[in-house]
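Reminder, nothing fancy here: chain letters follow the sequence lines and each chain counts from 1.
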Amino acid sequence: MEVEVEMADVLTQRAPWFVAGPLLGLIVVGLLWTANKPLGALGGYIQLHDWLRRPSGAPGWRITFLAGVIGGGLLSAWITGGNRMTLAYGSFDSLVGASIPLKALVLAGAGALIGYGARTAGGCTSGHGLCGTSLGSKASLIATMTFMATGILVTQILSRILGGAS
Amino acid sequence: MGGVRWAGLAFGIAFGFILGWARLTDYDVIHNMLLLREADVFLIMGSGIAVAAIGSRLLRALHLRDLAGGAPVSWSVALLSRDTLIGSMIFGTGWAIACTCPGPVAAQLGRGQWSAVFTASGIMLGVALRAWMLERRKIPHLGSAAPLPAEAQGPCAGL
């Protein structure tokens with residue numbers, strides 16, 4: 001009974017980095033061992049896009065992976081709590097005010113940059129950053145350093161322009 | 001092939017669960033990382049890379065075969081090109097604005113963080129735009145009927 005309570009406490013708190021990080025690493029290893037495939041989230045969007053344009057047979061494994069991530073997110077909200085069932089998006093909301101159209105426009109625009117950029121670069125935070133880098137890809141390492149540096153720089157610029165709002 | 005799809009689904013669920021549990025789905029967690037206010041996400045990335053680097057080398061050193069197809073565990077890596085740099089800069093800009101990326105967006109959708117509907121739609125649009133541009137320039141890519149050059153088929157390409 002006591003153990004159950006402690007377990008519930010652990011799960012409802014944000015996972016510490018030394019638990020989340022190694023588990024994400026193990027997922028890369030697990031996917032490699034079971035399927036001989038390198039992990040990456042962007043590939044799911046690419047495969048989904050291509051499959052919707054030319055549906056041929058069952059959707060590929062990258063689509064089932066992406067569907068799994070959605071399911072895993074649902075599980076995480078159910079078991080570990082946190083922000084869920086909400087249109088609120090943290091302190092991003094203070095930047096766009098109460099305007100939902102503005103929020104939709106900015107996020108969709110940022111999403112387009114994410115999709116176009118990562119597709120051009122050949123990977124995202126998971127494909128290049130987590131997987132490619134650990135598998136010794138020089139391109140992934142350089143991609144990761146580039147989007148990290150750009151992300152930090154753009155955040156600094158934006159926070160100066162937008163002032164205290166961010 | 002069925003086994004690979006099931007493995008994708010299972011590890012996708014695990015991946016999405018960890019992203020949500022570590023709150024990598026929250027705007028402020030990513031924003032505080034990019035503001036260099038919090039080291040957690042860097043530590044998650046670093047320790048994840050370390051575990052994956054050691055684990056993958058172990059699979060290869062032990063000559064293990066994958067469970068779905070029985071082939072020796074192996075991988076190839078994408079080649080560095082100008083696109084890697086330019087694309088990463090564009091991606092980094094979008095990342096800084098939305099404070100999320102393709103994996104966490106999907107986990108946000110599952111969690112009912114509905115702003116992800118906008119972001120995910122944008123990602124699909126960006127992916128489609130890139131595919132359209134490549135087709136116009138007649139460059140083969142993952143969605144085209146033409147066969148891909150060998151390096152573009154490498155596991156880490158087009159992720």
Could you tell me which portion of [X] (side chain, backbone, both or neither) has an atom closer than 4.5 angstrom to a non-hydrogen atom of chain B?
X	answer
A/Q47	neither
A/I79	side chain
A/M148	both
A/L23	side chain
A/V69	both
A/A149	neither
A/P59	backbone

**Fill in**
Tested for side chain to side chain contact (heavy atoms under 4.5 Å, CB included) against A/R119, the lone hit among B/D83, B/L134, B/I90, B/I123 is B/L134

**Asked** Which of these passes side chain to side chain contact (heavy atoms under 4.5 Å, CB included) with A/L135: A/L39, A/L32, A/L130?
**Response**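 Checked A/L39, A/L32, A/L130 against A/L135; only one passes side chain to side chain contact (heavy atoms under 4.5 Å, CB included): A/L32.
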
**Asked** So, are B/E135 and A/R53 salt-bridged, with charged N and O less than 4.0 Å apart?
**Response** yes

**Prompt:** Would you call A/R62 and A/D50 a salt bridge, using N to O less than 4.0 angstrom?
**Reply:** no

For [X], is it the side chain, the backbone, both, or neither that has a heavy atom closer than 4.5 Å to a heavy atom of chain A?
X	result
B/V29	side chain
B/T100	both
B/T25	backbone
B/P104	neither
B/R65	backbone
B/I86	neither
B/L43	both

Closest non-hydrogen atom pair between [X] and [Y], with its separation:
X	Y	result
B/A22	B/I44	CB-CD1, 4.1 Å
A/D93	A/K103	OD1-NZ, 2.8 Å
B/A52	B/S56	O-OG, 2.7 Å

Do [X] and [Y] have side-chain heavy atoms sitting under 4.5 Å apart?
X	Y	result
A/F92	B/H31	no
A/T125	B/F91	yes
A/V10	B/W21	yes
A/T80	B/R111	yes
A/H128	A/L42	no

Choice from [options] maximising heavy atom contacts with chain B below 4.5 Å:
options	answer
A/A20, A/P16, A/G71, A/P22	A/P22
A/T120, A/L75, A/I70, A/L11	A/T120
A/G129, A/A67, A/A104	A/A104
A/T144, A/L105, A/V29	A/V29
A/V28, A/L26, A/L87	A/L87
A/I152, A/I157, A/T34, A/V106	A/T34

Taking every heavy-atom pair that is under 4.5 Å apart, which of [options] has the most such pairs with chain A?
options	value
B/D40, B/L59, B/I97	B/L59
B/G69, B/S47, B/A96, B/G20	B/S47
B/A106, B/A39, B/A7	B/A106
B/A53, B/A14, B/C99	B/A53
B/R82, B/E38, B/R60	B/E38
B/L80, B/L58, B/I13	B/I13

**Asked** Going by the ring pair (Phe, Tyr, Trp, His ring centres under 6.0 Å) test, which pairs reach into residues 6-33 of chain A, not counting sequence neighbours?
**Response**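 As it turns out, there is no ring pair (Phe, Tyr, Trp, His ring centres under 6.0 Å) pair with a partner in residues 6-33 of chain A once direct neighbours are skipped.
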
**Item:** Under 3.5 Å: donor-acceptor pair, side chain of B/D28, backbone of A/S91
**Value:** yes

**Asked** Linking I/L/V/M/F/W/Y whenever any side-chain heavy atoms sit under 4.5 Å apart, do B/L125 and A/I114 land together?
**Response**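 Different hydrophobic clusters.
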
